[in-house]
Amino acid sequence: MTSRLLMPVRTVLTDRTRGAEAPAGDVPGSTRPTPILDREHPLVTALVARVLRESEARGAVTDRARLQVAHGILVTAVRPVYSVEDRRRVSRTLRLGRGSCSQRMAVLEAVARSLGVETRVRGLLVDGTFWYPRFPKLRAFVPEEVLLAWPEFRLDGADGPTGADGPTGADGDNGADASTGADASAWVPIAELFTGLGPAEHGGGFTNSGAETLFEAVARTTVDWDAPAACAGSAPCDLSAHLRTDLGRFSSRDELFDLHGQTLCRPARTLAEPVLGRWSAGAAA
């Protein structure tokens, strides 16, 4: 009961919509700044400048390659913690030098939008038991379900394999030539920014324990919420058993949180943030 009492009224809304169709897969993204993705802030523009410098030094010329560089910078520059403020501005995350998995994904989105790459998010309600390995002695306080904003990036077809919606050509409303694939683009989930990964060759799948969070894991191994044939069943990359509800796509994480709230209610966030916002991922619970 405790874990449900910490949650907002969003669960009532979710119960009403469990049987409804998720928003269409062609929900548009954007490169515009938002209250969370405040990409015009000096701290964000400084980060983007660093990404561009390091990308040039490494010969990273595609959007996918630049986002990989940005991801690597964030892994070392922003310490992983268990912050529960999902609506925190990207600039504040950078100023603090620490952030949750969700907050660091937001920073990567802000960088992408600054580079002219459209982003959107997929709203996922994930079973709270997925986080039990991190809090073995505090399971009563783990929310029954956690709202996760899973980013997607619109990348040119030349940047790599197809993504969430596959390549879109003349018949896919992107103005591309279906026969040549010219200017074809696809929505690529964050888990597919790093291609050619397999659990067997990269030290096993993601276990949601220790210092590695989902943000780090996507660069090391495959992570998938949809149980594709490549990793269905008991394979380590299949996280579909933990997914309670797919809320569909949203043009921004701001829109997702406006509609469905955050994982914890405001009083719970106020009490938890001073502790969890400084608690490093992997530290003993």
Side-chain angles (χ1 to χ4, degrees), residues 1-4 6-8 10-11 13-15 17-20 22-23 25 80-84 86 100-106 121-152 163-164 188-194 197-200 202-250 253 256-257 260-264 268 272 276 281-282 285:
M1 283 298 295
T2 304
S3 61
R4 179 162 287 279
L6 296 174
M7 296 168 62
R10 182 201 67 244
T11 50
L13 174 63
T14 301
D15 288 339
T17 59
R18 284 190 192 278
V81 295
Y82 296 125
S83 175
V84 295
D86 287 331
S100 67
C101 186
S102 176
Q103 290 164 353
R104 290 183 294 159
M105 288 181 184
V121 297
R122 181 181 177 191
L124 304 175
L125 284 175
V126 181
D127 198 304
T129 59
F130 183 56
W131 277 268
Y132 278 4
R134 294 196 176 275
F135 304 99
K137 299 178 181 179
L138 299 173
R139 292 184 177 183
F141 296 96
V142 175
E144 186 171 331
E145 54 191 16
V146 173
L147 177 58
L148 182 61
W150 196 244
E152 296 179 349
V188 178
I190 186 172
E192 295 178 19
L193 280 180
F194 296 83
L197 298 177
H202 294 78
F206 178 65
T207 60
N208 207 13
S209 61
E212 183 183 66
T213 72
L214 276 168
F215 188 77
E216 287 86 15
V218 295
R220 180 186 63 81
T221 189
T222 305
V223 175
D224 204 294
W225 300 101
D226 293 311
C231 70
S234 60
C237 61
D238 179 10
L239 302 181
S240 61
H242 301 286
L243 179 60
R244 283 190 164 200
T245 309
D246 184 347
L247 298 173
R249 270 80 177 184
F250 300 82
R253 61 182 51 232
L256 169 64
F257 296 138
H260 293 283
Q262 300 181 56
T263 295
L264 298 181
L276 295 179

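One-based numbering along the sequence shown.
Scanning for salt bridge (charged side-chain N to carboxylate O under 4.0 Å, His left out) contacts around Asp127 gives Arg244, with sequence neighbours left out. When the salt bridge (charged side-chain N to carboxylate O under 4.0 Å, His left out) test is applied to Arg253, the partners found at least two apart in sequence or on another chain are Glu109. The ring pair (Phe, Tyr, Trp, His ring centres under 6.0 Å) test applied to Phe257 returns no partner, not counting sequence neighbours. Partners of Glu212 by side chain to side chain donor-acceptor pair (under 3.5 Å), not counting sequence neighbours, listed by chain and number: Arg220.
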> What do the steps show when you test Leu247 against Leu256 for side-chain contact (heavy atoms from CB on, under 4.5 Å), and what is the final call?
Replying inline: CA-CA 9 Å; Leu247 298 173; Leu256 169 64; 4.2 Å; yes
>> Apply salt bridge (charged side-chain N to carboxylate O under 4.0 Å, His left out) to residues Arg249 and Glu152 and explain how you reach the verdict.
In response: CA-CA 9 Å; Arg249 270 80 177 184; Glu152 296 179 349; 2.9 Å; yes
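Rounding to the nearest 0.5 Å gives a distance of 11.5 Å between CG of Leu138 and OH of Tyr132. One distance of note links NE2 of His242 with CH2 of Trp131; it measures 9.0 Å at 0.5 Å rounding. In this structure, Leu147 CG and Leu124 CG are separated by 8.0 Å, a value rounded to the nearest 0.5 Å. For the atom pair Leu125 CG and Thr245 OG1, the distance stands at 5.0 Å (nearest 0.5 Å). The CD atom of Glu192 sits 6.5 Å away from the CG atom of Asp224 when rounded to the nearest 0.5 Å. The CG atom of Leu276 sits 8.0 Å away from atom OG of Ser83, with the distance rounded to the nearest 0.5 Å.
Shortest non-hydrogen contact noted between Pro143 and Leu264 is CG-CD2, 3.4 Å. Contact detail for Val142 and Gly128: the closest heavy-atom pair is CG1-O, 3.4 Å. Counting all heavy atoms, side chain and backbone alike, Met105 lies closest to Leu214 at CE-CB, 4.3 Å. The minimum heavy-atom distance linking Cys101 with Phe215 is given by the pair SG-N, 3.4 Å. Residues Asp86 and Thr263 come closest through the heavy atom pair OD2-OG1, 4.0 Å. Scanning both residues, Pro80 and Ala211, for their nearest heavy atoms gives CG-O, 4.5 Å.
Within the 4.5 Å cutoff, no side-chain heavy atoms of Val121 are placed close to those of Trp150. By the 4.5 Å heavy-atom criterion applied to side chains, Val84 and Gln262 are not counted as neighbours. Side-chain atoms of Ser240 and Asp226, non-hydrogen and from C-beta on, never get closer than 4.5 Å to each other. Between Tyr82 and Ser100 the shortest side-chain heavy-atom distance does not fall below 4.5 Å.
The aromatic rings of Trp225 and Phe130 sit perpendicular to each other, their planes meeting at more than 60°, with 30° as the lower class boundary.
Checked by atom type, the side-chain pair Arg104/Thr213 shows a donor-acceptor distance below 3.5 Å.
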